[in-house]
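For reference, the structure is listed below as structure tokens.
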Amino acid sequence: MKIGYPCVNESLDCTTTSTFRLASYSDERVELAVSNNLRCLLRILQWNVERHFLFFRVGSGVVPFGSHPINTYPWQTRFAAQFREVGDFVKAHDMRISFHPDQFVVLNSHNEDIVERSIQELVYQGSMLDLMGLDSTHKLQIHVGGLYGDREVAIARFIATYERLPEAVRARLVIENDDRLFSLQDCLRVHRAVGIPILFDNFHQECLNHGEPMAEALRLAAATWHPTHDGVMMMDYSSQAHGERKGKHTASIEEDLFRAFVQELGDLDVDIMLEIKDKEASAGRACGILRDVGRLAASLPAAQ
DNA sequence: ATGAGTCAAGGTGAA
DNA sequence: TTCACCTTGACTCAT
């Protein structure tokens, strides 16, 4: 079991998201930003290893305009060594990383331009994993997409697009149950059609479900991951922010809820991404709870 | 130097 | 029909 947090480290003064405006695009700025972003990515991973956070979600902006036609800078070759260095570090420490392309990636859009741009974004993010030399257990996570008033047609269109994705993307793509439109059961239908694994989100499951008990839902999702090709199931963990709109993530982990959730896990092996606002602070508390119940090694690795 | 407004991109649903 | 919300910082420009 690995614990992680998404995209941003709040303890370090180093980010993987330095960027600039499209209007001020230049090759020089791409060069500068990617150089900074990869340096910080490695630094964050090093920081994480020291605290036994072995799971990390990398943000979409490591390469500014990475899938935009304006960006013709050969970052793949210019930064090949730096990407490889990150990948080597991940492998050396038995870490796992993932990407979560944002809401603009919609594979089931009825607009072919949007589908094509979405595929290009997935190709860009998948190519970073290729450059790192990381295999298909490191994932690209997206939602099924829009509903467009007809669930059946929307799911069919997702499947049709999935089947024509480049292999480098398809091998790594996973779908996540969402909180309003496509439930775990919808994702299972897509899985049965094309074999895509389901990244389970416990909070979305609480928001949108068909009455399955949490323990059963977890096992249904886990069974969609091929042990060697996909690795153990990845999941997102969060809980409701009190007094806020339904679906809003909590600012800080609620330890009692997390303990109860760990009980639902039983002996299931999963890697957990904590989608909680205070990032690594809550990840540390989650690790503490998992050590208490014997699901993580009792002590941190030897001091750096 | 600082604060406010803005940033490539889609879709949903409330107002 | 418009706008806030996904999530959030970081950039950009006006002051």
Side-chain angles (χ1 to χ4, degrees), chain A residues 5-26 28-30 32-37 39-41 44 57-73 98-125 140-151 153-155 157-158 161 175-183 186 199 201 203-204 207-208 236-241 243-252 273-282:
Chain A
Y5 59 94
C7 306
V8 173
N9 178 296
E10 297 184 324
S11 309
L12 293 171
D13 183 24
C14 207
T15 79
T16 66
T17 54
S18 69
T19 185
F20 48 86
R21 297 291 190 256
L22 180 60
S24 56
Y25 178 92
S26 72
E28 290 71 25
R29 296 196 71 159
V30 175
L32 208 59
V34 176
S35 175
N36 175 77
N37 292 342
R39 181 177 56 81
C40 284
L41 176 55
I44 290 169
R57 180 186 298 164
V58 183
S60 301
V62 170
V63 181
F65 309 101
S67 69
H68 191 288
I70 197 173
N71 187 346
T72 56
Y73 181 80
S98 63
F99 289 83
H100 192 345
D102 59 28
Q103 69 269 34
F104 307 110
V105 170
V106 185
L107 291 185
N108 73 346
S109 173
H110 50 255
N111 178 333
E112 185 54 35
D113 287 342
I114 292 168
V115 174
E116 189 49 42
R117 287 201 297 275
S118 297
I119 293 172
Q120 288 313 308
E121 179 67 16
L122 292 173
V123 166
Y124 147 58
Q125 300 203 21
L140 308 174
Q141 146 188 12
I142 62 171
H143 295 284
V144 175
L147 207 48
Y148 309 102
D150 189 327
R151 185 175 307 273
V153 173
I155 288 176
R157 205 184 298 112
F158 180 94
T161 304
I175 46 173
E176 174 189 351
N177 57 307
D178 70 69
D179 60 344
R180 294 179 306 141
L181 305 179
F182 293 97
S183 67
D186 293 320
L199 189 148
D201 187 309
F203 185 31
H204 293 167
C207 295
L208 178 67
D236 289 347
Y237 177 87
S238 191
S239 58
Q240 177 67 42
E244 298 274 2
R245 172 191 58 77
K246 180 185 175 190
K248 174 102 173 160
H249 291 186
T250 185
S252 181
M273 182 65 61
L274 292 160
E275 286 196 319
I276 294 178
K277 201 169 168 53
D278 66 1
K279 308 284 177 185
E280 68 269 21
S282 285

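Not measured: the values here are computed from a predicted model.
Between the CZ atom of A/Phe104 and the C1' atom of B/dC7 there is a distance of 10 Å, rounded to whole Å. Between the C1' atom of C/dC5 and the CD atom of A/Glu244 lies a distance of 12 Å, rounded to the nearest Å. For the pair A/Ile142 CD1 and B/dA9 P, the interatomic distance rounds to 20 Å; values are reported in whole Å. A/Gln103 places its CD atom 8 Å from the C1' atom of B/dA9, with the value rounded to the nearest Å. Atom pair A/Asn111:CG and B/dG11:C1' shows a separation of 12 Å (rounding to whole Å applied). Taking atom CG on A/Asp102 and atom P on B/dA8, their separation rounds to 13 Å, with Å as the unit. Distance CG (A/Asn71) to P (B/dA9): 16 Å, rounded to an integer number of Å. Protein atom NZ of A/Lys248 is 11 Å distant from nucleotide atom C1' of C/dT8, rounded to whole Å.
The environment of CG in A/Asp150 is crowded: more than 12 heavy-atom neighbours from other residues, nucleotides or ligands sit within 6.0 Å.
Under the salt bridge (Lys or Arg N to Asp or Glu O under 4.0 Å) criterion, A/Arg151 pairs with A/Asp186, sequence neighbours left out.
The P atoms of B/dA8 and C/dT12 are separated by 9 Å, rounded to the nearest whole Å. Here, C/dT7 and B/dA4 have their P atoms 25 Å apart, quoted to the whole Å. C/dC3 and B/dG5: their P atoms are spaced 16 Å apart (whole Å).
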Using a cut-off of 4.0 Å between protein heavy atoms and nucleotide atoms, how would you tag nucleotides 9-14 of chain C 5' to 3' with B, S and -?
-> -BBS--

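For the 3.5 Å distance criterion, the side chains of A/Gln125 and A/Ser60 qualify, holding a donor opposite an acceptor. Looking at A/Asp278 and A/Ser252, their side chains do bring a donor and an acceptor atom within 3.5 Å of each other. Side chain to side chain, A/Asn36 and A/Ser18 meet the donor-acceptor criterion of an N or O pair below 3.5 Å. A/His68 and A/Gln120 share no side-chain donor-acceptor pair at under 3.5 Å.
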Taking only N/O atoms, report every protein-nucleotides 12-14 of chain B pair under 3.5 Å with atom names and distance.
| unit_1 | atom_1 | unit_2 | atom_2 | d |
| --- | --- | --- | --- | --- |
| B/dT12 | OP1 | A/Leu147 | N | 2.5 |
| B/dT12 | OP1 | A/Tyr148 | N | 3.0 |

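Applying the Watson-Crick and G-U wobble criteria (two distances, each under 3.5 Å), B/dA8 pairs with nothing in any strand. In this entry C/dC3 has B/dG13 as its Watson-Crick or G-U wobble partner, both defining distances falling under 3.5 Å.
Put simply, the side chain of A/Thr161 does not reach to within 4.5 Å of the side chain of A/Asn108, judged on heavy atoms.
For A/Asp236 and A/Arg57, the salt-bridge test passes: some basic side-chain N is under 4.0 Å from an acidic carboxylate O.
A distance below 6.0 Å separates the ring centres of A/Phe20 and A/Phe65.
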